[in-house]
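First the structure, in the form of structure tokens, and then the observations on it.
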Amino acid sequence: MRGLMMDYPLTVGKIIQRANRVFADKEVVSILPSGRKHRYTNADLYRRTVRLMNVLRRLGVKPGERVGTFMWNHHRHLELYFAIPSMGAVTHTLNIRLFPDQLAYIVNHAADAVIFVDASLLPALEAVAPQLKTVRQFVVVTEDGTEDNTEDGTEDGTGDGTEDSTEDGMPPEATLPETTLPETTLPETTLSPIAGFEALMADADETEDFPELDEFSACGMCYTSGTTGHPKGVVYSHRGIYIHTLMAGMTDMLGFGERETVLPVVPMFHANAWSVPFLAAMVGAKTVYAGQNVSPEALVPLIREEGVTFTLGVPTIWNAVLQYLRKEGGGLGELRTMIVGGSSAPPAMIRAYREEYGIEFIHAWGMTETSPLGTVNRLKKKMDHWTPEHRMAALTRVGIPAPIVELRIVDDQGQEVPPDGASPGELLVRGPAVASAYYNNPDSAVQFTEDGWFRTGDVATRDENAIVQITDRTKDLIKSGGEWISSVEMENAIMACEGVLEAAVVARPDLKYDERPVAFVVPAPGGKGVDPARIIESLSGQFAKWQLPAPEDIRQIDQIPKTSVGKFDKKVLRARLEG
Ligand code: ADP
């Protein structure tokens, strides 16, 4: 017997339609590439999304075609996030920090038909344009047409935005159509053919045309950074994104709602900005997009001025913010929740935010391939009674699996490891928002098991409370004398030492032991520099003698090289060892 519920496709267009009907007056604030502040409402976002859908149609974009975005985090990128999938095409968010060859590779591989590019990013795209084989139209996004709706970014907000009208409880004034003025001039560029975003918008009609789409059809693409070989394309479906958004909104997952003001520091070109654009629209949260400057000097005032209550980003960002706060003083205003993932958050940082700033610092794990949320670590009720040390140890883990992510941790024989919090194994996942294959990539079959699980390439443990810890990436583990050393554990232990700002541990080939750990350590500013003997001494409480790095393998450097999404770039460090 079949159920008699409606066949109601779960599609991205429904999310923005709801935002307009239910939360029309909610604000979206953006820092434009020039540093000016722009604000408008969900009603404006919706109307411009509708126009943009018609712009895409006029450009000849067909359902299923890929439309690239090469942009920072701001409202026009958000409009594309909704317009492209709502008219049936596929958003391909291009990582603006990829090496040129990789950028050209992913545009060609995805066969992008149109690319929207921020004016400030034109040079990077121009550099690869001769290699692009499928793009028939570039659209440049300038700041023209935004004058009437921007602030000058000064702290006293002397711009003429609608900010004040929200303070007395009145809805902000409707601000359309000021932002549909066409560009007066386009920037000089070698990209061709080129059109101006606002010129296209000014000409577009406002007919609302949301086609009924198959919920299994593609709505977005994102290539993983490709630590080895070419980047691999993950293709999201409407259904996957919709279900992922519902899940992300659950109280014990991201769990933010209408009352929150959310700042995704994670780039919109990376893994759906961790679902924030979709979830904020679905639940009616005010959102703040930080544009291109995510330095602490820019982020901290923005968090304070806009009353940000909820934010998300990678550990390197929050480490920099912590250093800034300690130096400059002051706090983070109304901020109360910080979701941190993408790489391991050092316990010292978790402790500092929770204890010094009273912020609920929540560790999460995810991947481009999992849309991206995989696990989230909110403490369980029974942990309220644990000792502070015990609770802190639990907080450094990455949490329980999201309700739509089924997870297994297996040993070399494919057997599940015991849930003892100590036995490591390879982490496998499956679920409705987990990739089932990479786009057009026959070689990628090895990353999937025969019975349909995705091999994450992460090494993890699971404890009796079903809490997962990522101990390493398979390729980053250090194998010394036949035994494993977790590079992540060692990094975290070094970063907990006094006088250390950051540390990354990689393997150095060794004739006798196969591999030995080498720690690259950045000293904290104003200190005396790195003291290998003290680091080894403090590690010896946590690591066996054979695991400890030799003093000459603790090397001071000025900064840890980072990948395009702000993670430690161990590939570069390994190359340094060879060179
Ligand atoms: P890439 O890092 O290859 O560009 P992703 O952004 O998809 O691609 O990264 C996913 C990987 O990031 C995971 O497989 C895992 O190794 C790492 N990661 C994510 N969150 C965490 C975390 N909280 N702790 C440790 N590692 C993490």
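Reckoned from all heavy atoms, side chains included, excluding hydrogens, waters and symmetry mates. Keep in mind that this is a model prediction, so the values were computed, not measured. All ligand and atom numbering here is 1-based and tracks the order in the structure.
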Which atom pair, heavy atoms only, marks the closest approach of I404 to A433?
-> CD1-CB, 3.8 Å

Does a salt bridge link E515 with K479, judged by any charged N lying under 4.0 Å from a carboxylate O?
-> no

N/O of H270 under 3.5 Å from N/O of ligand 1, yes or no?
-> yes

Strictly under 4.0 Å, does any heavy atom of S343 approach an atom of ligand 1?
-> yes

Basic-acidic side-chain contact under 4.0 Å: K232, E369 | no

Return the orientation label for the H230 and Y105 ring planes: parallel under 30°, perpendicular over 60°, tilted otherwise.
-> parallel

Taking only Lys NZ, Arg NE, NH1 and NH2, and the carboxylate oxygens of Asp or Glu, determine whether R408 and E426 approach each other closer than 4.0 Å.
-> no

Hey, which atoms in ligand 1 end up nearer than 4.0 Å to a heavy atom of D458?
-> 13 (C), 14 (O), 15 (C), 16 (O)

Using a strict 4.0 Å cut-off to heavy atoms of T368, name the atoms of ligand 1 that fall inside it.
-> 5 (P), 6 (O), 7 (O)

I96 and F269 have their tightest heavy-atom pair at CG1-CE2, 3.3 Å

Which ligand 1 atoms are under 4.0 Å away from a heavy-atom of A364?
-> 20 (N), 22 (C), 23 (N)

Please state whether T224 comes within less than 4.0 angstrom of ligand 1, counting heavy atoms only.
-> no

Can you sort out which atoms of ligand 1 are near G342, meaning under 4.0 Å from one of its heavy atoms?
-> 12 (O), 17 (C), 18 (N), 19 (C), 20 (N), 21 (C), 27 (C)

In ligand 1, the atoms that come under 4.0 Å of a heavy atom of S344 are 22 (C), 24 (N), 25 (C), 26 (N)

Would a 4.5 Å heavy-atom cut-off, applied to side chains only, mark L325 and Y357 as touching?
-> yes

Work out whether the distance between some heavy atom of G457 and some atom of ligand 1 is less than 4.0 Å.
-> no

Taking distance alone, with no angle check, do R473 and ligand 1 share an N/O pair under 3.5 Å?
-> yes

